[in-house]
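As the structure is a prediction and not an experimental result, all values here were calculated from the model.
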Amino acid sequence: MSTSDTAIALNAALDPTRPNVSRLYDYLLLGKDHRAPDRDLAESLKFWLPGLAYAVQSCRSFALEAVEAAAESGCGLIVDLKCGYPLRETVHETALKANPDAHVLYVDHDPVVTAHARALLADGPAVEVMRADVRDDLGSVLGHPYVRARIDLAEPVAVVMTGLAEFLTDGELTAVLGTLADTLPPGSRLILSHVDPGTLPKQAIETATAACANAGILIRLRPARKVRDLVGGRWSWAELPPESIHYLFFDEPTTFIGGVATLPLKEGR
């Protein structure tokens with residue numbers, strides 16, 4: 001990003017009068033890096049989307065379980081796209097417990113988030129933090145020296161996409177998943193979750209998304225079928241046992257979908 005773009009992003013992230021998506025998620029995840037505007041918006045969203053906090057927290061638990069399974073299976077590199085503010089349970093601690101030889105790359109577009117992550121998470125050679133917007137800079141993420149030094153075409157990589165897809169347009173999400181499929185080794189895993197509006201009335205969904213838009217946060221709540229369609233045929237949901245594909249629906253009216261997909265072997269390999 002240019003110097004001017006960096007300044008604009010930093011000012012937006014530091015603005016105490018407007019909600020910030022990273023701080024909003026931190027509040028829903030019971031973190032400590034949030035301010036009054038973030039809490040106010042979160043409480044408004046929870047009114048219109050009952051169970052939202054539980055759904056977001058469940059997404060996080062699902063992601064950590066999937067990271068543990070991926071590291072145990074031999075994924076030596078975990079790339080956490082849109083990592084957010086550091087939480088008590090971290091991706092790299094989970095991965096390293098399962099596989100002491102694993103490496104983790106945290107990525108976020110928020111300059112304040114990445115500053116926190118560098119200070120609190122990047123405390124050893126197994127962890128790196130990078131600032132990038134995957135909508136524009138996914139190539140730079142995958143071409144980062146830390147990644148290139150650790151991607152072996154014979155070794156699978158796990159990519160975590162939780163708390164991210166909701167903020168991408170259909171075209172952006174399709175492009176990100178396509179770039180990953182084109183770049184990563186066969187057998188790589190995609191850990192994807194997405195908040196689902198469930199059975200909520202259309203008016204509640206529209207009101208909640210409008211409240212976010214008024215705060216400068218564009219969020220898209222997609223049903224499970226739409227998410228699966230956007231993932232498309234590049235990633236295989238059938239490579240793992242059926243129990244590894246999670247469609248978790250709780251008693252709360254707001255739910256989430258989460259799944260682990262693999263990148264199949266290319267023809268001729």
Side-chain angles (χ1 to χ4, degrees), residues 1-2 5-6 8-9 12-13 18-25 28 38 41-42 44-45 48-49 52 55-56 59-60 62-63 79-84 106-111 113-114 130-143 159-184 190-198 200 202-235 237 247 254-261 263:
M1 298 179 73
S2 68
D5 288 340
T6 299
I8 292 171
R18 293 178 62 82
N20 169 280
V21 67
S22 297
R23 298 194 303 259
L24 176 68
Y25 256 73
L28 293 171
D38 312 304
L41 177 58
S44 175
L45 294 178
W48 291 105
L49 303 175
L52 175 63
V56 171
C59 284
R60 177 69 178 179
F62 156 73
V79 181
D80 186 0
L81 301 178
K82 190 74 179 71
C83 61
Y106 289 110
V107 181
D108 205 291
H109 76 289
D110 188 318
V113 167
T114 51
M130 179 181 182
R131 181 173 170 238
D133 189 328
V134 299
R135 294 170 295 185
D136 306 314
D137 300 334
L138 185 56
S140 67
V141 172
L142 300 176
V159 176
V160 182
M161 285 185 61
T162 55
L164 173 60
E166 295 92 334
F167 302 99
L168 302 177
T169 66
D170 291 357
E172 289 167 344
L173 179 56
T174 300
V176 166
L177 296 177
T179 299
L180 291 172
D182 289 337
T183 307
L184 298 180
L190 172 67
I191 300 167
L192 177 71
S193 71
H194 201 296
V195 175
D196 184 329
L200 288 173
K202 182 178 179 181
Q203 181 182 2
I205 298 169
E206 291 177 346
T207 302
T209 54
C212 287
N214 289 336
I217 299 172
L218 299 181
I219 186 170
R220 298 159 184 87
L221 303 181
R222 302 176 176 103
R225 181 176 299 176
K226 179 69 175 291
V227 176
R228 285 186 66 100
D229 288 345
L230 290 172
V231 171
R234 302 291 299 280
W235 292 88
W237 299 91
Y247 289 93
T254 304
T255 62
F256 89 92
I257 56 173
V260 180
L263 192 59

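The shortest heavy-atom contact between Phe167 and Leu218 is CD2-O, 3.5 Å. Between Phe62 and Leu192, the shortest heavy-atom distance links the atoms CE2-O, 3.6 Å. Taking all atoms of both residues into account, the shortest heavy-atom contact from Pro223 to Pro197 is N-CD, 4.4 Å. Of all heavy-atom pairs spanning Asp38 and Asn20, the tightest one is OD1-N, 2.8 Å. Of all heavy-atom pairs between Leu180 and Leu263, the closest is O-CD2, 4.4 Å. Closest approach of Ala63 to Val160, counting heavy atoms only: CB-CG1, 4.4 Å.
Side-chain contact annotation: Thr162 with Lys82, donor-acceptor N/O pair under 3.5 Å absent.
Within the model, atoms CG of Leu164 and SG of Cys83 stand 11.0 Å from one another, a figure rounded to the nearest 0.5 Å. The line from NE2 of His194 to CG of Leu168 is 8.0 Å long, rounded to the nearest 0.5 Å. Interatomic distance, Glu172 CD to Arg220 CZ, rounded to the nearest 0.5 Å: 6.5 Å.
The closest donor-acceptor contact from the side chain of Thr174 to the backbone of Gly171 lies at 3.5 Å or more, if one exists at all. Judged purely by atom type and a 3.5 angstrom limit, Asp137 has no side-chain atom pairing as donor or acceptor with the backbone of Ser140.
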Do Met130 and Val141 pass the side-chain contact (heavy atoms from CB on, under 4.5 Å) test, and can you show the C-alpha distance, the side-chain angles, and the key distance before you say yes or no?
-> CA-CA 8 Å; Met130 179 181 182; Val141 172; 4.1 Å; yes
- Verify side-chain contact (heavy atoms from CB on, under 4.5 Å) between Leu221 and Leu49, making sure each step is shown before the conclusion. CA-CA 11 Å; Leu221 303 181; Leu49 303 175; 3.9 Å; yes
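With sequence neighbours left out, the salt bridge (charged side-chain N to carboxylate O under 4.0 Å, His left out) criterion links Asp80 to no other residue. The salt bridge (charged side-chain N to carboxylate O under 4.0 Å, His left out) check on Arg135 picks up Asp133, with sequence neighbours excluded. Arg222 pairs by the salt bridge (charged side-chain N to carboxylate O under 4.0 Å, His left out) definition with Asp170, not counting sequence neighbours. Remark: Tyr25 pairs with no residue by the side chain to side chain donor-acceptor pair (under 3.5 Å) rule, at least two apart or across chains. Partners of Ser44 by side chain to side chain contact (heavy atoms under 4.5 Å, CB included), not counting sequence neighbours, listed by chain and number: Trp48.
Side-chain contact between Leu24 and Leu45 is present, with at least one heavy-atom pair separated by less than 4.5 Å. Proximity of Leu52 to Val195: side-chain heavy atoms (C-beta onward) are separated by under 4.5 Å at one or more points.
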Please report, to 0.1 Å, the donor-acceptor pairs under 3.5 Å made by any side chain of residues 209-217, with sequence neighbours excluded.
unit_1	atom_1	unit_2	atom_2	d
Thr209	OG1	Ile205	O	3.0
Thr209	OG1	Glu206	O	3.1
Asn214	ND2	Ala210	O	3.3

